[in-house]
J.: 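Here it is, the structure in full.
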Amino acid sequence: MSATEYQRIRIAECAAHDGKKVEIAGWLYNLRRSGKICFPQVRDGSGVIQCTALKNTLPEELFEGLKHLTQESSVIVRGKLRAEARAPGGYEMEIEDATIVQKVPEEQPYPITPKDHGIEFLMDHRHLWLRSRRQHAVLGIRHEVIRAVRDYFDNNGFTLVDTPIFTPAACEGTTTLFEVNYFDEEKVFLTQSGQLYNEATAAAFGKVYTFGPTFRAEKSKTRRHLTEFWMVEPEMAYATLEDVKRVAEELICFVTGRVLERRKEELAVLERDVSKLQAIQAPFPRISYDEAVERLKKKGSEIEWGGDFGGTDETLLSEDFDRPVIVDRFPTAIKAFYFQPAPDRPDVVLGADVIAPEGYGEIVGGGQRIHDLDLLLKRLEEHQLPREAFEWYIDLRRYGTVPHAGFGMGIERFVTWMCGIDHLRETIAFPRMLYRTRP
RNA sequence: UCCUCAGUAGCUCAAUGGUAGAGCAUUCGGCUGUUAACCGAAGGGUUGUAGGUUCGAGUCCUACCUGAGGAGCCA
């Protein structure tokens, strides 16, 4: 029997090849064995399939080789595919031939066993942990989220214009930045937001977005923080706070719908309560910061008007709603210099945050930017920011300035929410956190 | 930076101040439908590090190291 009569397929395509002779190239996920029959489970990155190997139909060398395969050994199996109710996944291959590409040595077995492991051990073995079913599901959903985000903007007239990662100065003057030696003399910083550059490209293209990594040197050590994370930031010319709220709402509904539609299996692996995601429909409730503070006080929070929400406050707020809640008009004092003040109330700005349900916290933050030259200059001074570094940004108010607005959405927080998991670190292949930069 | 908790076999954990143990993983034996397979056996230990108290410390005390969760700050 030559190998050529078997068609190479991926496990995800099994349904289209029922009853056919196929070849699957992958890794041994798990193995159960009896005296004269064994059940190797093979994964190939697209799924997991159970195979059967029978002693009395295979050459002894092949049967013994399969029976003693170690976890994560690389193997190519060939045989006939059939629907089989007893097999997890619904399809099964009866092995007729196999090539063991590499057997993981018994004296140094694969470290991640099917039993429980602690988080330190798993994080140290992140390069291998990615092979597990659960991690595979999380990263599959991440991929879908990113694809849907890009589809949404691409289909709605936005142009992707990426912004630099090396930046000459603090964008916002608020958070701590990573400093990098740029050749011999100059110091530059890793970007904390592409927003200021987006304002320039929005004046060139009308509607733009940037999608890339973002760096924050905050010494935060919680389940909601990474030092390196991915953010999508749209920016629109001739737009207001109302446009920000509408676009954020549409985006969130579109992406959630896509995940529900295309990632049922992954959500099932994660045992995600999909009814919680099905509830994500427009319109989202909209409340003002003033009202949010009142609600929080009634719920026992110690927040006072003028303070920013803590993690607990966001959870308390989200408890009142079955879908994301939009909070707008924050105190001017706690927001970055570029926020447009409300025309009727200069003590609040035209900014909005979207807070996810189930305690997943802030997933979107943005608003309308200052378009008036004199006001911008005044704010830069109030925030004691070096005007020289912002000359190009000020230029945008000199040459055809218009009301404009945009927001940022943190991808990892969004994916954490979609997955219903409790820590951000599992939503990126190799998380960078305070005290962890390996592997 | 601060607060809290934890560190025992490769992994997950147990052990009243008195002989360091179990499950998983690995090896050997058994089983033709297993579903984190099961049954029997074997090998596997400087109890994070350094001091201290005690007749005796995995257990109590001190310092340090490492990790986790949280606060502040943020998406």
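The figures here come from the full heavy-atom set of this structure, side chains too, leaving out hydrogens, waters and symmetry mates. To find a chain, count down the sequence lines: A is the first, B the second, and so on, and within it residues start at 1.
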J.: Using the side-chain heavy atoms of A/Thr70, tell me which of these nucleotides is nearest: B/rU27, B/rG67, B/rC73.
T.: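 Selected nucleotide: B/rU27.
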
J.: Partner of B/rG40 by Watson-Crick or G-U wobble geometry, both contacts under 3.5 Å, or none?
T.: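 Partner of B/rG40: B/rC28.
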
J.: Give the rounded distance in Å between these two atoms: NE2 of A/His117 and P of B/rC24.
T.: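 Taking NE2 of A/His117 and P of B/rC24, I get 14 Å after rounding.
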
J.: Evaluate the side-chain contact (heavy atoms from CB on, under 4.5 Å) criterion for residues A/Met409 and A/Val149: first the C-alpha distance (whole Å), next the side-chain angles of each, then the deciding distance (0.1 Å), finally the verdict.
T.: CA-CA 10 Å; A/Met409 183 170 89; A/Val149 161; 3.8 Å; yes

J.: State, with a plain yes or no, whether a side-chain heavy atom of A/His136 is found less than 4.5 Å away from one of A/Arg131.
T.: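 Not touching, per the 4.5 Å side-chain cut-off.
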
J.: Strictly under 4.0 angstrom, non-hydrogen atoms only: write out the protein contact profile of nucleotides 29-34 of chain B, one letter per nucleotide from the 5' end, B, S or -.
T.: --BBBB

J.: Over how many whole Å does the gap from A/Arg224 atom CZ to B/rG69 atom P extend?
T.: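 For the pair A/Arg224 CZ and B/rG69 P, the rounded distance is 12 Å.
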
J.: With the side chain counted from C-beta on, respond yes when A/Val208 and A/Leu160 share a heavy-atom pair under 4.5 Å apart, and no when they do not.
T.: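 They are not in side-chain contact.
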
J.: Can a donor-acceptor pair be found, under 3.5 Å and without considering hydrogens, that links the side chain of A/Asp313 to the backbone of A/Gly310?
T.: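 Judged by distance alone, yes, a pair lies under 3.5 Å.
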
J.: How about A/Glu381: does its CD atom have over 12 heavy atoms from other parts shown lying under 6.0 Å from it?
T.: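 Atom CD in A/Glu381 is not packed in, count stays at 12 or less.
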
J.: What parts of residues 134-152 of chain A reach RNA chain B, counting only heavy atoms under 4.0 Å away?
T.: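 Listed by number, there are none.
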
J.: Mind checking A/Gly118 for me? I need base, sugar-phosphate or nothing, with any heavy atom below 4.0 Å counting as a touch.
T.: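 The residue A/Gly118 makes sugar-phosphate contact but no base contact.
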
J.: On a whole-Å scale, what distance lies between the C1' atoms belonging to B/rG52 and B/rA14?
T.: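 Result for the C1' pair: 27 Å, nearest Å.
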
J.: Between B/rU4 and B/rU62, how far apart are the P atoms? Round to whole Å, please.
T.: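 B/rU62 and B/rU4 have their P atoms separated by 13 Å.
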
J.: For a 4.5 angstrom cut-off between non-hydrogen side-chain atoms, does A/Leu130 reach A/Phe430?
T.: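 Heavy-atom side-chain distance check passes, below 4.5 Å.
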
J.: To the nearest Å, give me how far apart NZ (A/Lys219) and C1' (B/rG70) are.
T.: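 Rounded to the whole Å, the gap is 17 Å.
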
J.: Could you tell me how far B/rU46 sits from B/rG29 if I compare only their P atoms? Round to whole Å.
T.: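 One P to the other, the span is 30 Å.
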
J.: Kindly indicate whether the side chain of A/Ile37, heavy atoms from C-beta on, has any atom under 4.5 Å from the side chain of A/Lys55.
T.: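 In short, these two side chains do not touch, never coming nearer than 4.5 Å.
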
J.: Rounded to whole Å, please give me the gap between CG in A/Leu177 and P in B/rC73.
T.: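 Interatomic distance, CG of A/Leu177 to P of B/rC73: 17 Å.
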
J.: Base, sugar-phosphate, or nothing: which does A/Phe121 touch, judged by heavy atoms less than 4.0 Å apart?
T.: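 Sugar-phosphate: the residue A/Phe121, judged by heavy atoms under 4.0 Å, touches backbone atoms but no base.
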
J.: Please figure out whether A/Tyr435 or A/Ile363 has its closest RNA chain B nucleotide nearer the 5' end.
T.: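 In this pair, the answer is A/Tyr435.
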
J.: Take a 6.0 Å sphere around NZ of A/Lys80 and say whether it holds more than 12 heavy atoms from other residues, nucleotides or ligands.
T.: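 12 or below, so no.
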
J.: What pairs with A/Glu266 under side chain to side chain contact (heavy atoms under 4.5 Å, CB included), at least two apart in sequence or on another chain?
T.: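 Here the qualifying residues are A/Ala137, A/Ile141, A/Arg263.
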
J.: Assess whether one donor atom and one acceptor atom, taken from the side chain of A/Thr113 and the base of B/rC24, lie less than 3.5 Å apart.
T.: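 No such pair is found, so the answer is no.
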
J.: For A/Gln384, I'd like to know if atom CD has over 12 heavy atoms of other residues, nucleotides or ligands within 6.0 Å.
T.: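 Check fails, neighbour count at 12 or below.
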
J.: Are any of the side-chain heavy atoms of A/Ile370 and A/Arg379 separated by less than 4.5 Å?
T.: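 Heavy-atom side-chain distance check passes, below 4.5 Å.
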
J.: Report the base-pairing partner of B/rU53 (Watson-Crick or G-U wobble, both distances below 3.5 angstrom), or none.
T.: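 Result: none.
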
J.: When you compare B/rG67 with B/rC31, how far apart are their P atoms, in angstrom units rounded to a whole number?
T.: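 Per the computed distance, 49 Å lies between those P atoms.
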
J.: Between A/Lys221 and B/rG70, is there a contact of a side-chain N or O with OP1 or OP2 at under 4.0 Å?
T.: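 False: A/Lys221 side-chain N/O out of range (4.0 Å or more) of B/rG70 OP1/OP2.
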
J.: Work out how far the C1' atom of B/rG70 is from that of B/rU54, and round it to whole angstrom.
T.: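 So the two C1' atoms sit 38 Å from each other.
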
J.: Which nucleotide sits closest to the side chain of A/Glu120: B/rU66, B/rA71, B/rU26?
T.: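 Nucleotide nearest to A/Glu120's side chain: B/rU66.
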
J.: Mind checking the C1' distance from B/rG10 to B/rG45? Whole angstroms is fine.
T.: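 Those two atoms are separated by 12 Å.
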
J.: Tell me the interatomic distance from A/Leu434, atom CG, to B/rA68, atom C1', rounded to whole angstroms.
T.: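 Distance check: A/Leu434 CG to B/rA68 C1' gives 12 Å.
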
J.: Tell me if the aromatic rings of A/Phe309 and A/Tyr289 count as close, with their centers under 6.0 Å from one another.
T.: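 They qualify: ring centres under 6.0 Å apart.
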
J.: For the pair A/Arg142 (side chain) and A/Thr427 (backbone), establish whether a donor and an acceptor sit closer than 3.5 Å, ignoring hydrogens and angles.
T.: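 Side chain of A/Arg142 to backbone of A/Thr427, a donor-acceptor pair under 3.5 Å: yes, one is there.
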
J.: Of the candidate nucleotides B/rC74, B/rU27, B/rG69, which contains the atom at the shortest distance from the side chain of A/His225?
T.: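 Comparing B/rC74, B/rU27, B/rG69 against the side chain of A/His225, the answer is B/rC74.
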
J.: Using atom CD of A/Glu107 as one end and atom C1' of B/rG43 as the other, report the distance to the nearest whole Å.
T.: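 Result: 14 Å.
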
J.: For this output row, return yes or no: ring centroids of A/Phe407 and A/Tyr209 closer than 6.0 angstrom.
T.: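 A/Phe407 vs A/Tyr209: aromatic centres not under 6.0 Å.
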
J.: Can you check the A/Glu72 CD to B/rA25 C1' distance for me, whole Å?
T.: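 So the CD-C1' distance, A/Glu72 to B/rA25, works out to 14 Å.
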
J.: Give the rounded distance in Å between these two atoms: CG of A/Asp124 and P of B/rU66.
T.: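 In whole Å, B/rU66 P lies 13 Å from A/Asp124 CG.
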
J.: Using the P atom as the point on both nucleotides, what is the distance between B/rG23 and B/rG43, in whole Å?
T.: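 Pairwise P distance, B/rG43 against B/rG23, rounds to 14 Å.
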
J.: Can you sort out the partners of A/Glu265 under side chain to side chain donor-acceptor pair (under 3.5 Å), two or more places apart, ordered by chain and number?
T.: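 For A/Glu265, no residue satisfies side chain to side chain donor-acceptor pair (under 3.5 Å) once neighbours in sequence are set aside.
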
J.: So, the side chain of A/Arg369 versus the backbone of A/Gly406: is there a donor-acceptor pair under 3.5 Å, distance only?
T.: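 Flag set: sc A/Arg369 to bb A/Gly406 pair under 3.5 Å.
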
J.: Under a 3.5 Å cut-off for both distances, is B/rG69 Watson-Crick or wobble paired, and to whom?
T.: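 B/rG69 is paired, partner B/rC3.
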
J.: Of all of residues 417-426 of chain A, which get a heavy atom below 4.0 angstrom from RNA chain B, listed by number?
T.: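 Those residues whose heavy atoms fall under 4.0 Å from RNA chain B, taken from residues 417-426 of chain A in numerical order, are A/His423, A/Leu424, A/Arg425.
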
J.: Taking pairing as Watson-Crick or G-U wobble with both contacts under 3.5 Å, can you name the mate of B/rA15, or confirm there isn't one?
T.: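 Across any shown strand, B/rA15 pairs with none.
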
J.: Taking any strand in view, what nucleotide pairs with B/rA20 in a Watson-Crick or G-U wobble way, both distances under 3.5 Å?
T.: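 No nucleotide pairs with B/rA20.
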
J.: Under 3.5 Å, which N/O atoms of the protein pair with N/O atoms of nucleotides 21-23 of chain B?
T.:
none

J.: Using the P atom on both, measure B/rA9 against B/rA20 and round to a whole Å.
T.: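 Roughly 16 Å separates the two P atoms.
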
J.: If only atom types and distance count, is the side chain of A/Thr240 paired as donor or acceptor with the main-chain N or O of A/Glu242 below 3.5 Å?
T.: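 Present.
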
